[in-house]
Structure formats: C-alpha cells, structure tokens
Asks: 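My structure is below; once you've seen it, I'll send some questions.
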Amino acid sequence: MNYFSRAGGKNASDVKNRSRFVFRLVWTIILIGGIGLVVLLSAQLSSKIREMREVPEDNAQWNLSQIEVAFLKLRIATDGVLLKGESALPDFRKWFDIHYSRIDLVSTSKDAVNIHHDPDLHHLHQMLLDFNREMVVLVDGPDNILLANMPLIAAEMDKLAYAPRELSVGGVELKAEHSDTKRKEIVQILQTIALVSTFVVISLILAFLFVWLQRRRLNVQSAEIRKAGKFHETTLRASLDAIVVVDGAGKITDFNGSAEKVFGLAREDVIGQSLSDTILPERYRSAHEAGMANYTSADSSGIVDQGRLELVAVHADGHEFPVEVSISEAHSEDGRIFVSYIRDITEEKQIKEDLRKARDQALEAYQEKSRFLAVMSHEMRTPLNGIISSLHLLRDDPLTERQERFVNLADHSSNVLLNHINDVLTIERLDSGETKSAKQVFSVRDVAEDLLDVMRPLADEQNTSLVLEFECEDACVLGEQRQIEQVLTNLLSNAIKFTASGQVTLGINSRWMQDKMLELDFSVTDTGVGISEEDLKTVFDDFVTAESPYERTTKGTGLGLGIVRRLVESMGGELHFDSILGEGSVFGFTVTLPVQEGALPTKEEAAKGAQPSTESGLKILVVEDNPINRELLGAMLERDGHVVSFATDGFEGVHVASKNVFDVILMDISMPNMNGIKATTTIKSSQGLSRNTPIYAVTAHAMPAEIAEFEKAGMEGCLLKPIRVEKLREILNKISQDSQASVPPVEPPATKDANGIIPLLSAEQLMKLRELFGPDTMIEKVHAFLTEGDGLMETVSGTTLEQDRETLQSATHKFSGSCAIFGAALLRQTLTELETACKEEDGKAAAALQAKALEEWTRTRTALDAIYT
Amino acid sequence: MKKPSILTSAIAALMCAQISFASTAAAEEALAAPSGEVVLTIKGEIEKTNTSDAAAFDLDMIHAFEATEYQTDTIWTEGGQVFKGVLLSTLLDSIGSDGGEISAIAANDYSVSIPLNDDTFEGALVAYELNGKQMSRRDKGPLWIVYPYDSDEKYRSETVYSRSIWQLDRITVQ
C-alpha cells in the first residue's frame with residue numbers, strides 16, 4: 001500500500017540499468033569466448049593426441065635400430081659366404097634384400113621425415129643408400145661374380161659399419177628431441193586450456209555469486225516490502241482514528257477497524273461503495289459529488305490538505321454525528337487517492353458544551369457575588385454616612401474635652417471602616433473590568449505636589465520627612481489622573497505607615513517615547529522596616545497584611561497593594577518593587593502616557609474649590625427619602641450658607657422642581673414611588689422651572705454601569721455616600737461659578753459654511769462623534785437617533801401650535817438637541833426657529849417651519865441611513 | 001628359403017600320412033603341395049598340412065584364394081597405395097586353423113602376435129601386390145600383412161602398425 005509516489009530517480013535508474021546491461025553483455029561475450037577457446041584448444045589437443053597415436057614416434061627409432069640389425073646380419077651373411085662359398089649366397093641375398101628394404105623405408109616412411117631434417121643423419125642414410133645402389137648390381141648379378149666380390153663387399157661394409165650405428169644412436173636423440181617438442185606443445189595447449197578454463201570457471205562462479213546475491217537482495221527487498229505492507233496495514237488497523245481511503249472516483253478502497261466502529265459498517269460491505277452513499281448525510285451528497293467531479297488540486301478544493309475540519313457524518317443506524325476530518329491526497333499506481341482520518345467528536349463536543357455551561361454558571365455566580373457586594377456596600381455605607389455626618393455636625397457644637405476625644409475616636413474608626421468598604425468596592429469595581437475612569441489632562445508636577453501636601457500630616461505624625469524628587473519632564477499628560485493619585489496615595493501611606501523618624505521619597509522620572517509619548521516612572525522609597533524576601537513574593541496579593549509597629553489602629557484590609565496592582569495593570573503600566581529587611585523599601589510603577597499641550601486650570605483656581613463659597617449661597621433641592629440623611633445633608637449645606645429645600649421622594653422632587661428654580665438638585669437614587677433616575681428624566685423633559693437645573697446623584701450605588709445610567713438620565717455627576725464635605729463643596733463651587741458666568745447657557749448657533757449655507761449634515765460633528773464612539777457604536781447610536789427622531793418628528797409635525805404649544809415646543813427642543821449632537825445642522829436650524837416661533841406663539845410661522853422640518857427630516861434620515869448602514 | 005631336404009620330405013610324408021589317416025573323414029580336400037618356391041609356412045594348430053607338420057604355400061597357391069584390394073595410405077609409404085592380397089582369415093580358414101592367436105614371423109625373424117578374435121583381425125590382409133606389381137623382398141614383399149588404415153581409426157593404432165609385418169614368411173597358430 002504505497003500511497004506515495006516515487007518521484008525522481010527515474011533517469012538515474014535508467015542510466016544504472018543501461019550500464020548494467022552493457023556490463024552483462026560484455027561478460028556474456030567473454031564467457032562465450034572463453035568457452036569457445038577451450039573447445040578450440042581441446043580440439044587441437046585431441047588432434048595432437050590422435051597424431052601421436054597414429055604416428056608412433058618410436059617406430060622411427062625402431063626402424064633406425066633395425067637398419068643396424070639388418071646391416072650386421074648382412075655382414076654376418078657376408079662372412080658366411082666367405083666361409084661356405086656358394087651355399088651361403090641365398091642367405092646373403094635375403095639379408096641384402098632386408099637391408100635394402102630397411103634403408104629404403106627411411107626414404108619413404110612418414111615417421112622418418114625428421115631424419116632428413118638432420119644433415120648428419122641424412123648424410124649417413126645417403127651413404128647407406130649409395131652402398132645399396134652399388135651392391136645391387138653385384139647381388140642381382142651372377143653368383144660367381146658376387147662370390148668373387150665378396151671380400152670387397154665385406155671390406156666395404158666394415159668401412160661403412162659406423163653409419164648404421166650412428167644412425168641408430170641419432171635416432172634416439174632425434175626421438176627424444178621430437179618428443180620434447182611435442183610434449184611442450186601439448187603442455188602449452190594444456191596450460192592454455194587450464195588457464196582459460198580457470199578463467200571461465202571463475203567467471204561462472206562469479207556469475208553464480210552475482211545471481212545468488214541478486215536473489216538474496218531481492219528476497220530481502222521483497223521481505224521488506226512485505227513487512228512495510230504489513231506495517232502499513234497494522235497501522236491502518238491499529239489507528240484509533242477511523243481511516244477511510246477513497247480513490248479518484250470516490251469509491252472506498254480501504255476502511256480500517258476504527259472506521260468500522262465509528263460508522264457501524266463492516267469493511268467488506270463498504271469496499272468499492274461510493275463514499276457519499278455510505279457515510280455522508282444525504283444533504284451533503286450532491287455537494288460532495290460535485291466537489292469530487294471538479295477536483296483538480298488540493299489547493300483549490302478547500303477541503304483536501306486543509307488541516308482539521310469539522311464536518312457531519314452519518315452512522316449506519318442513521319444518526320448524524322460531528323466528526324473531525326483531515327483529508328490528504330496521495331498518488332498510488334492506480335492514480336489519485338484520498339486518505340481521510342476521521343474522529344468522532346460527539347463526546348468532545350459534549351464536553352465542550354458542558355465546560356461552556358460550567359463557565360457560564362461560574363460567571364453567573366461571580367456576578368451574583370458582585371451584586372451581593374454592591375448591595376452590601378450600599379447597606380453599609382448608608383448608615384456609615386449617617387454616623388460620619390453626625391460626628392462632623394457634633395464637632396460644630398461646643399464639646400467637653402472628654403466628649404471631643406470620643407468624637408475623634410468615633411470619627412477615626414468610622415473613617416477606617418469607610419476605607420475598608422471603599423477598598424473592597426474598588427477591588428470589586430476593578431475586577432468587574434469596568435475600570436474606564438475618565439481620562440483627564442493633568443500636570444504631573446501638580447498632582448505630585450498636591451499628593452504630598454495631603455500626605456504630609458500623616459508623615460508628620462510619624463516624625464517622617466516627605467520628599468519629592470522631581471526629575472521629570474514638566475509636562476501635562478492625558479491619563480487617568482484619579483487612578484494615578486490613588487496608586488500613589490496607597491504607596492505613600494503604606495511607606496509612611498512603616499517608616500518612623502525616617503524619610504519617604506516620591507521620585508518621578510520620565511523618558512520620551514515615540515509619538516509624543518512620555519514614559520513616567522513613579523517610585524516611593526522609604527527608610528522603613530523593609531520587607532523580608534519571603535514576604536515580598538506575596539505582598540501584592542489580596543488580604544496580605546503586615547504588622548506595622550507604628551500603626552496605632554487596627555490593621556488594614558490587606559487590599560491596598562492589591563488595588564495598586566490592579567490599577568497599574570488597568571492603565572497598562574508596570575509595577576516594580578524591592579526591599580531589604582531593616583533598611584527600607586522601594587515601590588513604584590511606570591506608565592506611558594501621551595503628552596498634551598495647552599492650558600490647564602491653575603493650581604490656585606483648583607484650590608479654591610475646597611473652600612465654602614463666600615458669595616451668595618445657592619438654591620439647592622435635596623431629594624432624599626431617608627430622613628436622617630436628608631437632615632444631615634441639609635445641615636452640611638446650610639452650614640455653608642446655602643438655601644436648601646427638601647423633597648422626600650421622586651414625585652415630590654419633580655413637583656417641587658417644577659414650581660421653583662434651583663441652582664442644583666441633589667437626588668438620591670433609591671427611593672420609593674419614583675426613583676431618582678425616573679425623577680431626573682421627568683424633570684429634564686418637563687416644562688418645570690428647574691428643567692435646566694443640573695442634577696447630581698447622591699448614592700451609595702457605586703457600580704460603573706449605574707453611573708453610566710445616571711449620565712444617560714441627564715445627571716451632571718455623582719456624589720458617593722457617605723458624603724464628604726470637600727467633594728460637596730467642590731461641586732457646588734463649580735455650579736456657582738457657572739451660574740455667574742452665564743445665567744442660562746445659550747446654545748451656540750448652528751455653524752454655517754463659508755457661503756453662509758447651512759449643510760444638511762455637519763461632517764465635522766459626525767467625525768467627532770465617530771471618534772468618540774468608534775465605528776460600531778456609531779452605527780448603533782445613529783440608528784437610535786433615527787428611531788428617536790421618527791417619534792419626535794411625529795409629535796412635531798402632528799401637533800399644531802394652537803392645539804398644544806407646550807408639547808410641540810418640548811418635542812422641538814428635544815429634537816433640536818439630538819440634531820445638534822448628530823450633526824443634522826439644517827434640521828436643527830429649522831427646529832430652533834420653530835422653537836422660537838412656539839415661544840412667540842406665531843402659529844403661521846410654526847406651521848411653515850413644521851412642514852420644512854418634516855421635509856428636512858426625510859432628507860436627513862435618508863442621508864444618515866445611507867452613510868451608517 | 002631353402003628347399004626341403006630329402007630327410008625332411010620323408011618325415012613330412014610320414015606325418016602327412018598319419019594326419020591323412022586321422023582326418024580322412026574331416027578333410028574333404030587335401031592341401032595341395034606347393035609347386036613353386038614356398039613363400040609362407042603355417043604351423044601350429046591347423047588341420048591341413050602339405051608337409052610333415054606345416055602348410056606350405058607358394059605364390060600361386062596364395063593367388064588362388066579370393067583376392068581383396070585395399071586402397072589406403074600407410075605410414076611407411078608416400079601417397080595412396082593399392083594393396084591386393086588374401087584376407088588372413090581366409091588363409092587361416094583354408095587350413096582349418098583352430099587357434100586363438102597367431103605368431104607372424106618375418107624374414108628377419110621379427111615376430112608379432114595377432115589375436116584372432118579382436119576387432120581388427122577382420123581387416124588383416126596378406127598382401128602380395130602393391131599398385132599392381134608383385135612385391136619383391138627389397139620392397140617389403142613378397143607378403144605383407146596390411147590393414148585398411150584409412151577406413152577406420154581402429155586400424156591407426158600402434159598395435160595395428162606393429163602387426164603390419166612385412167617380408168612375412170612364417171605363421172604359427174596357437
């Protein structure tokens with residue numbers, strides 16, 4: 001099951017094959033040549049051997065020795081004739097003939113050829129031939145002449161006797177020589193045969209070895225392939241994931257054990273079946289088949305080789321279940337195949353769902369806790385408010401020394417308690433994530449100096465000097481001033497708490513970053529008791545407290561540094577700290593803020609806020625259901641010279657406000673009948689005399705969401721209970737300044753463009769708004785405005801001046817304000833004019849303006865709708 | 001070859017009579033006595049004789065047998081030769097030889113054994129003419145046992161060469 005193509009190497013193997021072929025051809029030729037040579041040599045050898053057999057060598061030697069024998073016999077026969085006379089002649093003639101034939105034989109015989117190659121032997125033979133030729137005349141002649149010549153013949157023979165002897169001996173040598181040559185020739189042939197045979201045999205052995213090795217390698221390879229195949233098969237079978245292999249036509253070619261389990265199908269049943277008909281839900285089948293048909297490459301499919309995908313599959317029993325699928329493409333000999341790894345994730349999904357539910361429940365529980373804390377804070381701070389305010393008032397009365405001491409003690413204790421509650425609430429607020437306190441432009445130096453001034457009395461108590469080391473760019477930055485102040489307050493008060501007769505230094509350094517950003521580094525260094533290394537690790541955790549030898553009162557909540565940590569983190573800053581036990585500590589943080597150029601209220605101006613207004617008092621309405629709080633707040637205000645009216649609930653508040661003009665209304669939130677928010681909206685939207693009067697919430701409800709709600713209702717701000725006189729004075733001072741500067745604030749006229757033509761929409765205003773909200777919220781707001789506008793327009797256009805002037809005027813006013821915010825400049829101008837017409841009770845002008853407003857609203861609406869959809 | 005003396009003739013006659021007597025029924029035709037010079041004398045285990053203990057042949061007697069011709073080369077001669085003669089087997093049959101082997105003896109007393117039952121025996125020819133001419137003693141005659149050397153390899157062996165005896169004048173059948 002080789003799914004993976006064996007790309008490349010084809011050319012290389014071609015070359016290899018070709019060279020192997022050439023090698024084999026050459027080898028074969030050499031082998032055949034070698035065998036041919038052996039055959040040839042063998043033939044040569046056998047012919048030599050035959051020659052040896054057919055032409056016996058010793059025959060020549062024998063013949064030569066027989067010459068000597070015949071010669072000697074003839075000589076003896078000669079002697080016989082000499083002794084016996086004529087009777088011995090036939091014997092002589094016989095031996096002569098034999099001798100003659102012997103000599104003659106050497107002339108004709110084939111084996112005697114070599115004799116004639118030797119000049120000496122040839123000469124000897126020639127001598128004997130001559131002898132025969134001379135004698136033959138006598139031998140064949142008459143007996144008497146032969147007899148007479150016999151002594152002569154004997155003498156002649158004696159002279160010649162050495163010739164047959166030497167011929168015989170020479171024959172032996174010749175034979176030996178000849179045999180040697182022959183033997184050498186044969187040996188040479190044999191050697192050549194042996195050599196060639198050896199070569200051939202070695203070649204054959206090598207060939208055999210080669211074949212054997214080849215075969216062995218082949219065996220090993222096929223064993224490996226079998227093993228790999230088995231391995232693949234086992235992997236397939238053992239895989240926990242279902243593996244389904246599909247060919248290019250979408251037919252299943254493999255289906256492992258896990259797949260059988262996951263889909264409830266048997267392998268034999270699905271092999272060869274179409275994938276879409278077996279495991280895909282019916283509604284996806286046509287899409288799948290279209291996908292397969294148009295499939296060109298993994299990149300274009302969107303499914304193949306795209307990692308894990310979550311899809312839906314169908315089980316044999318028909319139920320659908322979620323699966324995680326990873327499909328990859330491979331190439332086999334049969335073409336393209338797709339290998340799918342499929343995992344049933346029903347359980348995972350279930351677990352995820354359970355986890356999600358658990359998380360939601362936990363979150364809900366957490367929010368429950370938050371709500372509980374908010375309620376608790378309210379419940380605790382309201383009575384505390386009463387205590388603190390009572391104590392402050394009590395101090396204004398003449399007290400005995402003893403009474404004064406108890407009042408101070410009670411005041412101090414209630415302040416500590418208040419701080420604890422505030423800490424807990426701060427932590428709660430920070431953890432809720434709604435920490436977006438407003439950013440302000442402030443001077444770093446002013447903030448630092450103010451803080452030290454506030455802290456100095458505390459330090460004096462400890463006999464500790466408080467030093468500012470200001471090595472910072474003296475600039476104004478935009479940031480969460482309140483938070484920075486709080487962090488520094490916590491750090492400074494901690495440092496002072498643990499430092500007696502020493503020095504606490506607030507050091508501020510800065511560093512320019514890009515884009516007019518300033519990195520500020522605040523550090524509070526003390527020469528106090530220090531913190532052990534062990535304690536340093538947990539110092540920023542919640543509810544960690546350390547014993548201060550100098551603190552006269554009960555321990556803190558241990559939330560101080562926890563708040564610091566949260567605040568610094570919320571500003572994107574970084575904490576740093578170090579301490580040596582017995583020598584002192586350094587706590588600090590860095591925060592990067594943008595530098596703002598421009599004027600700030602001077603310190604002197606700001607300082608005025610803390611003083612009660614010496615000028616004429618304000619007319620103030622206090623709406624508060626709790627009589628104690630109502631009385632206390634009233635007492636505080638009256639002490640500062642203000643004129644105070646009271647209302648006991650929302651209804652009464654609205655009523656009083658409609659009949660009188662107040663400079664400020666202080667509104668409790670939680671009240672029976674009508675709560676503060678409802679009362680505020682009613683006052684604001686009414687035609688009452690105080691409809692433009694700033695309203696401040698006075699509440700223990702401190703949750704940011706609620707504060708946003710107050711603002712939405714039209715409240716100017718919020719005073720947290722228990723009320724601090726300083727804060728109250730600050731607000732009231734601001735109001736009195738405003739009322740002096742401009743009695744009713746005149747709305748700025750609608751901006752006209754360069755040609756004096758007022759545009760339908762003010763692009764500038766819309767841009768500002770968009771910057772403020774961000775694009776998404778902007779759309780939301782615009783749509784809210786459009787809906788609101790539709791309602792108001794209905795009132796404006798549907799009410800004639802004569803019918804209900806007040807309603808028309810009120811709706812027009814409100815609509816005009818909204819138009820100002822959303823940059824509907826043209827419509828706003830018309831509405832302002834309509835409002836004026838209402839005030840002047842000019843019904844004719846109003847009717848014309850009403851129609852104009854309706855036409856302009858349609859255009860404005862279309863334009864805004866087109867831009868913000 | 002010497003002429004038989006009177007004494008030997010007498011003994012031969014006596015012996016002949018004895019043998020004639022002993023084998024009257026068996027030998028239909030008695031071996032005629034040679035009229036010319038005796039060229040071959042066969043002794044030993046034979047049934048017919050024409051002397052006291054041997055069968056003596058002159059050339060005419062040998063010529064009288066059915067002639068066989070061999071055309072063959074030999075190692076002793078140059079070029080192809082034509083031999084004419086009587087097969088040794090025919091010759092031996094004519095005298096009723098009853099042996100397994102013969103000893104062929106030449107004029108110079110060279111002798112060689114020729115077994116009668118080996119496969120070259122059938123080729124043995126007692127030649128008396130070479131190339132149409134009677135062979136003289138100087139020319140390895142008058143009788144020369146030859147084989148058809150060219151016809152078969154078996155006739156080209158050392159043994160056969162050694163059996164090719166020339167100047168043949170005696171045979172002993174054993």
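Computed from a prediction, not measured in an experiment: that's the story for all the values here. A note on names: the letters A, B, ... follow the listed sequences, proteins ahead of strands, and every chain is numbered from 1.
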Asks: What closest approach, in Å, do Asn108(B) and Arg102(A) show between heavy atoms, and which atom pair accounts for it?
Replies: ND2-NH2, 3.8 Å
Asks: Heavy-atom cut-off 4.5 Å, strictly under: side chain, backbone, both or neither for Arg93(A) against chain B?
Replies: both
Asks: If you count every heavy atom of other residues, nucleotides or ligands that lies below 6.0 Å from Gln214(A) atom CD, does the total exceed 12?
Replies: yes
Asks: Please report the shortest heavy-atom distance between Trp76(B) and Leu105(A), naming the atom on each side.
Replies: CB-CD1, 3.5 Å
Asks: Ignoring hydrogens and geometry, is there a side-chain-to-backbone donor-acceptor pair from Lys94(A) to Ala107(B) under 3.5 Å?
Replies: yes
Asks: Verify the neighbour count for atom NZ of Lys133(B): are there more than 12 heavy atoms of other residues, nucleotides or ligands below 6.0 Å?
Replies: no
Asks: For the CD atom on Gln174(B), are there more than 12 heavy atoms of other groups (residues, nucleotides or ligands in this structure) within a distance under 6.0 Å?
Replies: yes
Asks: Identify the two heavy atoms, one from Arg138(B) and one from Ser101(A), that lie closest to each other, and give their separation to 0.1 Å.
Replies: O-CB, 3.0 Å
Asks: To the nearest 0.5 Å, what is the distance between CG (Asp139(B)) and OH (Tyr100(A))?
Replies: 8.5 Å
Asks: Taking atom CD as the centre, does Glu122(B) end up with more than 12 heavy-atom neighbours from other residues, nucleotides or ligands that are less than 6.0 angstrom away?
Replies: yes
Asks: Using heavy-atom distances under 4.5 Å, tell me whether Tyr110(B) contacts chain A through its side chain, its backbone, both, or neither.
Replies: side chain
Asks: Between Thr74(B) and chain A, with a heavy-atom cut-off of 4.5 Å, which part of the residue counts as in contact: side chain, backbone, both or neither?
Replies: backbone
